[in-house]
Novice: 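Shown below is the structure under consideration.
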Amino acid sequence: MSQDGTDTPEAPAPVLAVLRVRVDLTQDEATSMVLRARLFAGIQYISQQLTGTGPLQLDGNNWRLTLRGADGPELARKSFAAAKLLRERILVDLSLPSHIGVHAAVIGNDEALLEQALKHCEQLQEHAPENAIAVSPDMFRVLEGEVQEQLSPPAPLHGDTLPAALFPPKASAHGELLREELLRSLTSPAVRRLHYVGFRLQKKEPPSLDIFDVFVMPSVEVRRRSTASIEALAGLSSDLLRQTGIDSPLGQLTESVQQATTYLAPQRTTFQEAFQRHPSMVILGDPGSGKTTLMRWLAVVGAGGPLAMHAALGSTAPALPLLISVGHLAQIRASLGRGASVVEAIAHLFHQRGLASDEASLRRFLERSLDQGECLVLLDGLDEVRSEARADLMRWLEDFAARYPLNRFIASARQVGYVGLALPGAVEVELGPFEDDQVRRYVHSFHRAYRQWEEGVPDDIAADQEAERLLTALFANQRLHELSRNPFILASLALIHRAEGQLPRHRVQAYEIFARTLCETWGQARRLTASTGDEAQIRYEEEAVPVLGRLALEMHRQWPNGVAPEDFVIATLATALRERDGISDEEAERSAREFLHRAGKDVQILMERGPQRWGFLHLTFQEFFAAVGLHASESFVDEAMAHLFDPRWQEILRLGVGYMALVQKRPEAARRFIQKVLGHQETGVRRVLTETLKKQVPLAALLASEAGDALPVSLQNQIAEDFCLWLCSMPRLIGGPILEEIRLSEFASRFTPYLERMTQGEELSRRANAIEFSAELNPDQLLQFINLARSDDAANVKAVAVHLSRKAPRDQAIAILEALLTDTSSFVQIGAAIELIVQYPDHRRKTVDIILAHENMVLAFFVVAALSRMEGAGELAEEIIQSWEKSNDPDSLSFASLIREMPATFPSSQPRMHSPGGLLKMLDSPQQAVRQSAMLALNNSKTLEALGPLRQLTLSSDPLDSESAMTAIWNIANATGLHSLPPDSLESKNPLLADEE
């Protein structure tokens, strides 16, 4: 432990394997000496094949060989192989009987643990049958597959205290130990294999994948909690806890709980590191964040013994994992009575699962193991208990943990509904969403495991190709990318992808499949073990679409952050149910509460985001159900036209069009709606949206990308042509992000001929944009478009080659930029030089040498001035400035003096503050610098009065003025909410636009 009281991670502990052999030498002394020498040579030979310390003769008949390594399973396999080889040499070559013991342990630098390991191996050898190898259970559990099958399972060698596996295998007269029976149960398919249900798959049965094959180590955020009991927190009374349950104190008693709680500053780390630092913990996470999978993985790893756990987590834990569903444990307690102890309930639960023939013996074994601190207690699903019973159950579990403090405890719970569980030395860890590299690892692992399960043989090459196709689809779409950070949703998307051969061509189809599955089958999928009864479901068409659709729409309208009070949720659900079923208000409210229980507690498509506050599993599903609900009420078109350009409604519009065209199979309705959007013109103050910004064009393109081939080809081509013209006429900061949203859709393939035509057009800015956007859409032709830009006569177009060089491989990009240093345009030269020194710091000196060799002093001045202000480049700049100062060249002396006189920092690019009226006057200035300064200031303003003069500037023949004015209009429209506020609230603010004809 460090001086500040926080735990420090233990150093990686070396693993020791001990091989001990006794050979009975009964011959005469001369023969015995020969045999002993041959035995020594054999042990020496085996030692040389491994990383060993050499053989040690303990006495005339006993020998010991110790091996070291960092990886327990690998060292165990090598040690067992060495023991078999030694046995064979003694038995075959020397024709002597032997007794061999083999043991491995994580000892670190602890002399006591070393002595303990040596002593244990000595006991194994002492009681090993003649010509047999006695292998410790810790070693046996990491000898997987064919190696493990060569041994009999661990059974007592001597009394009930020395279990060992034997080679050659022998039947045990004592039967298997309860410990081995418990550990074997944790490697059964019910725990070790993950079953996926609910999706249409190529095989009839759901896939069953080994947890080791698909598990990805999660990231966590660590916070320390107090170890005070729940009832003692800030003196909370039992009456209050009984009245409010355990969920309500989050809302009513937050302040008291916080005062009784000590938190660490959030520490982002891997679960592996948290496991090494903290002996016990509570794992918190949202539904689908991987809590239960992590608990199952810990149980299976723990069942492999300390060697397996050290290999997987860099640390060890008590040798007997107890995986317990808290929900099931609560049911057992209810059946046994409140007076039952936790150990009695666990024994009863395990006995119900078929473990041990005698429940009383099992209970005594558990009590003894817990008393000796031999257990890793895994309490999964603290939240899966009725809220009114949760406080009492938590106290019951706290008393249990306090009674057996030598053990290690790990519990899991949802964020909501958890107020604390006092475990000895525990911290809270919050499971974080997957990062991109974790998403990649999971997708590759999943596809490899799935293909092997499906075909019976591994095919990693084909699996990796499928994985990359899925990853491309996930990372190409921002919403899918966000969804993939939730492990359960990622697994579901991977299942959809595998079932269909790809993700559906349009995301709305993937959402529809997932939403249906979530409603109907997740209750079964998320169980710790196979369910014994029917799961609560929400019928998709009959309930989810109309009821959840209504709730999603009202939440979108009234609670923009996606979280609404429970009273609002109940009232909205009750209204939907009353209108659907024609029931009374009282019955509707009762049905609404029952529906919320199924949707939130069982199916979990809704989540309790705080005390009595609810939201959808992900905002994407709120938007999806809002769109679906509008279609269910036949009000989609009217609602969409009322919010046509409102950014908050764009996702609902896009999903609504996709749903209409591809799920409802109404392509003609989709065509009419998109044509209506394309021809839409705003009036009054909003005219700027459609006449100047022409926002209907990119919106129509986004909608067309959702509808796909459901639209007529002629309409697709018309929209594609209009969009490409709009794209290349707009400032890149406006058009670029919209193209990025459409880029990987099939609809984007229609842009190529129109952009190609514009790369040959006369208008410079359109030509430059067309080349750059064409390169983005066709990255395999990057070099072709770079050369096209370089060959253009206009400097503005040539400069595109500088931008595109960033997408080229390093060596190729440097070669392109170095060639541009000799261009006839100073604008292009400076751009290439700055790009080189900024993007390739290790190439700066060579770049400067090239520039100086060309004797272009203007270019050299700009580069050296830039270098003098770059971190890490000042020494190079100073070297050049000093060389200029020592020369007799007037230009060199002048440029050196200019750089010396420049201020240490560049002046602020922000213009002086002016009143709105002053900025409007500046727009009429004959000086371009003044106009540009005014437009820069207006960019972040809400000055609607500026829209009129700015519209005039968009018609300027000067591309800098027209582009800056268009950007300012776009930003003012966003800043003022021009897309969403009622027109009559804006008209009076802008008489110039309101009266325009």
Side-chain angles (χ1 to χ4, degrees), residues 286-289 414-416 433 477-486 488-490 492-493 506-520 522 538 540-541 543-577 592 595-610 612-633 635-636 639-640 642-643 646-660 663 706 980:
D286 291 333
S289 59
R414 285 193 307 158
Q415 298 269 16
V416 175
N477 183 283
Q478 182 181 358
R479 294 303 175 109
L480 286 177
H481 192 183
E482 291 174 1
L483 286 174
S484 71
R485 299 191 185 283
N486 178 286
F488 172 76
I489 297 178
L490 178 59
S492 301
L493 291 171
H506 297 277
R507 63 202 179 109
V508 71
Q509 295 168 314
Y511 295 168
E512 200 271 339
I513 294 171
F514 184 83
R516 180 186 297 274
T517 302
L518 195 65
C519 289
E520 295 177 350
W522 192 14
I538 293 179
Y540 186 70
E541 280 86 4
E543 295 183 287
V545 169
V547 179
L548 287 177
R550 178 68 169 269
L551 175 62
L553 184 61
E554 293 304 321
M555 286 184 65
H556 184 78
R557 285 171 172 159
Q558 301 185 48
W559 299 93
N561 64 352
V563 179
E566 184 173 300
D567 289 345
F568 172 84
V569 174
I570 292 293
T572 305
L573 292 174
T575 299
L577 291 167
F595 183 93
L596 181 59
H597 180 85
R598 281 186 290 142
K601 301 293 185 181
D602 297 316
V603 174
Q604 294 189 354
I605 195 167
L606 296 178
M607 285 179 53
E608 200 172 0
R609 297 286 187 181
Q612 298 183 337
R613 298 180 68 80
W614 292 84
F616 279 78
L617 172 64
H618 193 280
L619 187 61
T620 290
F621 295 110
Q622 176 180 304
E623 292 165 333
F624 170 78
F625 276 109
V628 171
L630 285 172
H631 281 297
S633 63
S635 58
F636 173 76
E639 197 75 36
H643 302 281
D646 189 338
R648 283 196 62 244
W649 284 78
Q650 185 180 99
E651 188 69 9
I652 293 176
L653 266 63
R654 293 176 63 179
L655 292 174
V657 167
Y659 190 81
M660 182 194 307
V663 179
E706 302 289 350
S980 52

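None of these values were measured; they are calculated from a predicted model.
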Novice: Just jot down the ring-ring contact (aromatic ring centres under 6.0 Å, His included) partners of Tyr511, sequence neighbours excluded, or say none.
Specialist: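 Per chain and number, Tyr511 pairs via ring-ring contact (aromatic ring centres under 6.0 Å, His included) with no residue.
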Novice: Does any non-hydrogen side-chain atom of Phe514 lie less than 4.5 Å from one of Ile489?
Specialist: yes
Novice: So do the side chains of Phe621 and Leu483 get within less than 4.5 Å of each other, counting heavy atoms only?
Specialist: yes
Novice: Indicate the atoms forming the closest heavy-atom contact of Ile652 with Ala626, along with that distance.
Specialist: CD1-CB, 3.8 Å
Novice: For His631, check ring-ring contact (aromatic ring centres under 6.0 Å, His included) against everything at least two apart and list the hits.
Specialist: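 Partners of His631 by the ring-ring contact (aromatic ring centres under 6.0 Å, His included) criterion, ordered by chain and then number, come out as Phe636, Tyr659.
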Novice: Closest heavy-atom contact between Leu617 and Met607?
Specialist: CD1-SD, 3.7 Å
Novice: When rounded to the nearest 0.5 angstrom, what is the spacing between CG in Leu493 and OG in Ser484?
Specialist: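 Leu493 CG to Ser484 OG: 7.5 Å, rounded to 0.5 Å.
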Novice: Do Glu543 and Arg598 pass the side chain to side chain contact (heavy atoms under 4.5 Å, CB included) test, and can you show the C-alpha distance, the side-chain angles, and the key distance before you say yes or no?
Specialist: CA-CA 11 Å; Glu543 295 183 287; Arg598 281 186 290 142; 2.8 Å; yes
Novice: Under the side-chain contact (heavy atoms from CB on, under 4.5 Å) rule, collect the residues that match up with Pro565, sequence neighbours excluded.
Specialist: Trp559, Phe568, Arg613
Novice: List the residues meeting salt bridge (charged side-chain N to carboxylate O under 4.0 Å, His left out) with Arg485, not counting sequence neighbours, and say none if there are none.
Specialist: Asp436
Novice: If the condition is salt bridge (charged side-chain N to carboxylate O under 4.0 Å, His left out), which residues does Arg557 pass it with, not counting sequence neighbours?
Specialist: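 Partners of Arg557 under the salt bridge (charged side-chain N to carboxylate O under 4.0 Å, His left out) test: Glu554, Glu639.
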Novice: Rounded at 0.5 Å granularity, tell me how far CG in Leu596 sits from CG in Leu606.
Specialist: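 Answer rounded to 0.5 Å: 6.5 Å.
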Novice: Can you check side chain to side chain contact (heavy atoms under 4.5 Å, CB included) on Trp649 and His556, steps first, answer last?
Specialist: CA-CA 9 Å; Trp649 284 78; His556 184 78; 3.6 Å; yes
Novice: Between Phe624 and Ala515, which heavy-atom pair has the shortest distance, and what is it?
Specialist: CE2-CB, 3.9 Å
Novice: Of all heavy-atom pairs between Pro546 and Glu541, which one has the smallest distance, and what is that distance?
Specialist: CD-O, 3.2 Å
Novice: Could you work out, with ring-ring contact (aromatic ring centres under 6.0 Å, His included) as the rule, every residue matching His481, not counting sequence neighbours?
Specialist: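 Per chain and number, His481 pairs via ring-ring contact (aromatic ring centres under 6.0 Å, His included) with Phe475.
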Novice: Considering all heavy atoms of both residues, which atom of Met555 and which atom of Gly615 are nearest to each other, and what is their separation?
Specialist: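 Scanning both residues, the minimum pair turns out to be CE-CA, 4.0 Å.
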Novice: So, using side chain to side chain donor-acceptor pair (under 3.5 Å) as the criterion, who are the partners of Thr620 when residues are at least two apart?
Specialist: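 Result, side chain to side chain donor-acceptor pair (under 3.5 Å) vs Thr620: His618.
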Novice: Taking all non-hydrogen atoms of both residues into account, name the closest pair between Ala592 and Ala574 and its distance.
Specialist: CB-N, 3.6 Å
Novice: Under the side-chain contact (heavy atoms from CB on, under 4.5 Å) test, which residues partner Ser633, sequence neighbours left out?
Specialist: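 So Ser633 forms a side-chain contact (heavy atoms from CB on, under 4.5 Å) with Ser635.
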Novice: Step by step, work out the side chain to side chain contact (heavy atoms under 4.5 Å, CB included) result for Glu651 and Leu655.
Specialist: CA-CA 6 Å; Glu651 188 69 9; Leu655 292 174; 4.0 Å; yes
Novice: I'd like to check the side-chain contact (heavy atoms from CB on, under 4.5 Å) partners of Glu706; sequence neighbours left out, ordered by chain and number.
Specialist: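 Glu706 satisfies side-chain contact (heavy atoms from CB on, under 4.5 Å) with Arg507, Arg654 only.
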Novice: With rounding to the nearest 0.5 angstrom, report the CG to CD1 distance, Leu551 to Ile605.
Specialist: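 Leu551 atom CG to Ile605 atom CD1 measures 10.5 Å (nearest 0.5 Å).
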Novice: Is there side-chain contact between Phe616 and Leu548, with heavy atoms separated by less than 4.5 Å?
Specialist: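 With C-beta onward as the side chain, the pair touches.
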Novice: Output all residues satisfying salt bridge (charged side-chain N to carboxylate O under 4.0 Å, His left out) with Glu623, sequence neighbours left out; order by chain, then residue number.
Specialist: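 Glu623 satisfies salt bridge (charged side-chain N to carboxylate O under 4.0 Å, His left out) with Arg479 once adjacent residues are dropped.
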